[in-house]
Amino acid sequence: MATPAEKTVLVVDDEENVRLFLQTALEDAGFKVETAADGVEAIEKVKTSAPDAISLDLVMPKKSGAKFLYEMRKNKDWQKIPVVLVTAHAKDDLGQKDFEDVMSGKAIVGPESYLEKPVKANTYVNALKRALKMEVSESPDEMKDEVKDLLDNADPEKLAKALKVLKGE
């Protein structure tokens with residue numbers, strides 16, 4: 001099984017402090033990291049050297065995360081690169097339409113998963129590991145944190161199904 005040291009992740013986010021936080025979390029976990037401030041820069045980085053996975057913000061200047069993802073999925077050499085969407089705009093006017101389009105999978109193969117900002121470092125790293133089909137070892141506290149994050153952003157219908165499962169129904 002691959003180790004983080006063998007994998008490169010491209011972190012695409014227009015906010016420098018977020019990009020630095022995500023880069024640091026991945027580097028602390030042993031990953032090699034490249035960064036880009038928008039979709040235009042990200043396409044250039046992918047053309048130069050395709051990463052093993054991509055962490056992608058949705059709302060960015062020049063080229064949004066959605067436009068970047070559409071362009072990337074059209075290229076047969078890049079289609080299989082796993083993408084984890086990291087956004088603060090999944091449910092607001094800035095990004096909701098793009099988010100729904102990307103996640104629906106109607107026009108393109110969407111991301112492997114998505115996380116809502118702000119993200120915790122361990123949750124973020126584990127999402128990238130899952131996207132790369134790497135072993136994820138989580139402590140009970142990390143699992144509780146992840147469940148809490150998922151509950152905070154859960155679709156009501158899926159939340160009702162999960163509640164039935166937890167109740168043993």
Side-chain angles (χ1 to χ4, degrees), residues 2-134 136 145-146 149-150 152-153:
T3 65
E6 299 171 279
K7 300 293 183 180
T8 300
V9 178
L10 174 61
V11 175
V12 187
D13 199 297
D14 62 314
E15 295 179 61
E16 185 176 357
N17 61 336
V18 173
R19 209 169 45 245
L20 181 59
F21 170 76
L22 299 176
Q23 176 182 2
T24 302
L26 290 169
E27 287 176 344
D28 286 351
F31 287 95
K32 293 177 267 183
V33 180
E34 292 287 326
T35 62
D38 57 58
V40 173
E41 186 180 348
I43 285 292
E44 291 307 312
K45 296 261 180 157
V46 173
K47 284 179 183 176
T48 302
S49 178
D52 296 296
I54 297 172
S55 168
L56 182 64
D57 187 16
L58 187 62
V59 177
M60 296 180 291
K62 295 183 184 176
K63 183 179 287 196
S64 72
K67 288 180 181 173
F68 167 81
L69 190 58
Y70 283 110
E71 187 173 335
M72 199 185 93
R73 295 297 196 218
K74 287 181 187 177
N75 183 310
K76 67 179 179 72
D77 295 329
W78 304 339
Q79 286 175 347
K80 302 286 186 202
I81 299 172
V83 174
V84 173
L85 195 63
V86 183
T87 184
H89 301 289
K91 296 179 178 116
D92 67 21
D93 291 342
L94 284 174
Q96 185 173 8
K97 172 84 169 82
D98 280 346
F99 177 77
E100 289 171 357
D101 289 347
V102 169
M103 295 305 288
S104 73
K106 291 177 186 169
I108 58 161
V109 175
E112 276 58 34
S113 65
Y114 89 95
L115 300 171
E116 291 236 10
K117 291 177 185 173
V119 297
K120 294 180 181 173
N122 62 318
T123 303
Y124 174 69
V125 169
N126 285 336
L128 264 301
K129 284 182 175 181
R130 277 189 210 91
L132 288 163
K133 298 182 178 13
M134 299 175 76
V136 176
D145 286 344
E146 188 169 356
D149 289 342
L150 290 169
D152 288 343
N153 301 302

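Note: hydrogens, waters and symmetry copies are ignored here, and every other heavy atom, side chains too, is used.
- Scanning both residues, A50 and I81, for their nearest heavy atoms gives CB-CD1, 4.1 Å.
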What donor-acceptor contacts under 3.5 angstrom involve side-chain atoms of residues 35-43, with partners at least two apart or in another chain?
residue: D38; atom: OD1; partner: V40; partner atom: N; Å: 2.9
residue: D38; atom: OD1; partner: E41; partner atom: N; Å: 2.8
residue: E41; atom: OE1; partner: A37; partner atom: N; Å: 3.0

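- In this structure, NZ in K129 is found 10.0 Å from OG1 in T3, a value given to the nearest 0.5 Å.
- Checked by atom type and distance alone, the side chain of D52 pairs as donor or acceptor with a backbone atom of T8 at under 3.5 Å.
- Residues passing the salt bridge (charged side-chain N to carboxylate O under 4.0 Å, His left out) test with E16, sequence neighbours excluded: none.
- Looking at P4 and M134, their side chains come closer than 4.5 Å, going by heavy atoms from C-beta outward.
- Salt bridge status for E44 with K47: present, with a side-chain N to carboxylate O gap under 4.0 Å.
- Remark: L128 CG to I54 CD1 distance equals 10.5 Å, nearest 0.5 Å.
- Between K117 and D57 there is a salt bridge, with a side-chain nitrogen of the basic residue lying less than 4.0 Å from a carboxylate oxygen of the acidic one.
- Expressed to the nearest 0.5 Å, how far CG of L10 lies from OG1 of T48 amounts to 10.5 Å.
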Show the atom names and distances, to 0.1 Å, of all donor-acceptor pairs under 3.5 Å that link a side chain in residues 20-28 to residues at least two apart or in another chain.
residue: Q23; atom: NE2; partner: E27; partner atom: OE2; Å: 3.1
residue: T24; atom: OG1; partner: L20; partner atom: O; Å: 2.8

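- Interatomic distance, CG of L69 versus CH2 of W78, reported as 12.5 Å (0.5 Å rounding).
- Looking at heavy atoms from C-beta onward, S55 lies in side-chain contact with V11 at the 4.5 angstrom threshold.
- Rounding to the nearest 0.5 Å places CG of N126 at 10.0 Å from CG of L115.
- With rounding to the nearest 0.5 angstrom, the CD atom of Q79 is 8.0 Å from the CZ atom of R73.
- In the displayed structure, K32 atom NZ is contacted under 6.0 Å by more than 12 heavy atoms of other residues, nucleotides or ligands.
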Query raised in the report: side-chain contact (heavy atoms from CB on, under 4.5 Å) between V86 and L56: does it pass, once the steps are laid out?
Result: CA-CA 6 Å; V86 183; L56 182 64; over 6 Å; no

Query raised in the report: Can V83 and M72 be said to form a side-chain contact (heavy atoms from CB on, under 4.5 Å), step by step?
Result: CA-CA 10 Å; V83 174; M72 199 185 93; 3.6 Å; yes

